[in-house]
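One structure below.
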Amino acid sequence: WIAFPIAADYFLNIRKADVSVNILESNAQFKAKLLAEGIQWNAVKRYTTILCIGVCLYYAWYYPFFDYHERTDMRYSVNSKYLRGVYTTKERADVMNELISESSKYIKPGDYLLAYHSMPLFNYITRTVPYVRNSMPWFYNTSVFNAELNLAYERTKVLPVIIRQKRKTFGKSGSAWPDPEPFYDAIWYKKNAPRDSCMNIFLEKNNYSKVWENQMFEILTPPASK
C-alpha cells in the first residue's frame with residue numbers, strides 16, 4: 001500500500017506510450033507499432049488505475065498478509081493484551097488460545113523459549129527470550145542452526161521449553177492454517193528436513209518429552225521442566 005501511490009503518480013505522469021515490435025524470421029519480417037497519446041492515453045491511464053485499485057482492494061479483502069481468509073470471517077481475537085485490535089478467524093484464534101493457555105504452565109515472562117520454526121510472534125506475546133539469537137529459526141540453514149543451539153546452551157547453561165509448529169504457517173499454501181493445506185508442498189518440506197533433523201537430534205540428546213499438543217502446535221520440555 002505504501003508503494004501504490006508512488007507507482008500511481010509515476011504512471012499518471014507518463015504522457016504517451018510508444019511500443020514497437022519487430023519479428024524477423026528466416027524468410028519473413030513482421031512489424032507492428034502501438035502509439036497511445038492524448039485522449040487515448042488518458043483513457044488507458046484512467047481505466048488501468050481503476051483496475052489496479054480494484055485488484056488491490058480485492059486482495060486486501062480476501063487475502064490479508066499470511067492470513068488467507070475473507071475479512072468478514074476475521075472477527076475473533078487472541079487472548080493477549082499485546083494483540084488487541086488484531087482479529088483472525090475463530091479456528092485460528094482457538095488453536096492459539098489453547099497454546100497460550102497451556103504454555104503458561106511451563107513458561108513465564110523472562111524465560112528462555114525456543115519457538116520453532118516460524119513463529120517469532122510467540123516470544124513477543126509471552127514476553128519470553130528467544131533461545132537462539134534469531135527468534136525465527138527458519139532463517140538458519142542446518143549448520144548455522146546447529147551452531148546456534150550449541151552456542152545458546154554454552155551461553156545460558158539452560159535447556160528451554162520448546163514450542164514447535166506441526167504445519168507450515170506462511171506462504172500461499174500455509175497461510176490459511178489451521179484449515180487443511182490445499183496441497184502438500186513437498187519442496188518446502190524437503191527444504192526443511194535437514195534443519196528438522198537437527199532439531200530432533202537436539203531433542204533426543206537432551207531427553208525432551210512432549211507434554212501437550214493440538215492440531216497445530218506442540219509443547220516439549222526437558223526433564224527438569226516437568
Side-chain angles (χ1 to χ4, degrees), residues 1-23 30-97 99 115 117-125 134-140 165-192 215-217:
W1 286 112
I2 295 175
F4 183 80
I6 300 173
D9 178 70
Y10 176 82
F11 176 70
L12 293 174
N13 278 294
I14 298 175
R15 291 181 294 178
K16 71 175 182 177
D18 187 349
V19 180
S20 298
V21 178
N22 188 4
I23 300 175
F30 173 79
K31 293 183 177 182
K33 185 172 183 178
L34 174 64
L35 175 63
E37 59 182 339
I39 296 175
Q40 287 182 322
W41 181 238
N42 289 335
V44 170
K45 291 194 292 184
R46 180 168 61 254
Y47 290 118
T48 301
T49 302
I50 293 172
L51 177 63
C52 289
I53 292 175
V55 171
C56 288
L57 290 174
Y58 177 85
Y59 272 86
W61 182 263
Y62 287 100
Y63 303 108
F65 189 63
F66 285 175
D67 200 346
Y68 276 30
H69 298 93
E70 187 175 345
R71 287 194 183 273
T72 53
D73 296 329
M74 297 170 63
R75 310 186 304 272
Y76 303 88
S77 60
V78 174
N79 294 334
S80 170
K81 65 180 181 180
Y82 301 106
L83 295 180
R84 288 174 181 168
V86 178
Y87 298 95
T88 186
T89 59
K90 184 179 186 302
E91 294 77 13
R92 184 173 289 195
D94 285 346
V95 295
M96 281 301 299
N97 287 333
L99 176 61
H117 53 72
S118 306
M119 46 187 304
L121 181 69
F122 200 74
N123 285 111
Y124 170 71
I125 63 179
N134 193 316
S135 59
M136 189 167 173
W138 184 79
F139 286 130
Y140 291 129
Q165 65 190 76
K166 298 160 65 174
R167 276 180 37 197
K168 185 178 181 181
T169 57
F170 64 93
K172 189 171 184 179
S173 63
S175 295
W177 67 270
D179 298 339
E181 294 178 88
F183 63 93
Y184 181 79
D185 193 341
I187 295 176
W188 188 86
Y189 284 101
K190 182 178 180 180
K191 179 180 179 180
N192 286 282
Q215 67 191 98
M216 279 299 303
F217 306 105

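The figures that follow rest on heavy atoms only: side chains count, while hydrogens, waters and symmetry mates do not.
- When side chains are defined from C-beta on, Asn42 counts as touching Lys45, because their heavy atoms get closer than 4.5 Å.
- Using a distance-only test at 3.5 Å, with no hydrogens or angles considered, a donor-acceptor pair links the side chain of Arg92 to the main chain of Trp177.
- A distance of 10.0 Å separates CD1 of Ile125 from CG of Asn79, quoted to the nearest 0.5 Å.
- No donor-acceptor pair under 3.5 Å is formed between the side chain of Tyr76 and the backbone N or O of Asp94.
- Asn123 and Ser135 make their closest contact through OD1-CB, 3.9 Å (heavy atoms, listed as atom of the first residue, atom of the second, distance).
- From Leu99, atom CG reaches atom CE of Met216 across 10.0 Å, with rounding to the nearest 0.5 Å.
- Atom-to-atom distance recorded for Tyr140:OH and His117:NE2 is 15.0 Å, nearest 0.5 angstrom.
- One distance of note links CE of Met74 with OG1 of Thr88; it measures 5.0 Å at 0.5 Å rounding.
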Take Arg71 and Tyr87, measure what side chain to side chain contact (heavy atoms under 4.5 Å, CB included) needs, and give me the verdict at the end.
-> CA-CA 9 Å; Arg71 287 194 183 273; Tyr87 298 95; over 6 Å; no
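- Annotation: side chain of Val78 is in contact with side chain of Asn97 (closest heavy-atom distance under 4.5 Å).
- Judged by distance alone, with hydrogens and angles left aside, the side-chain atoms of Asp9 form no donor-acceptor pair with the main-chain N or O of Pro5 at under 3.5 Å.
- Between atom CE of residue Met119 and atom CE of residue Met136 there is a gap of 11.0 Å, rounded to the nearest 0.5 Å.
- Remark: Leu51 CG to Arg46 CZ distance equals 13.5 Å, nearest 0.5 Å.
- Gln165 places a side-chain N or O within 3.5 Å of a backbone atom of Ser118 that can act as its donor or acceptor partner.
- In this structure the side chain of Trp138 reaches within 4.5 angstrom of the side chain of Asn192, judged on heavy atoms.
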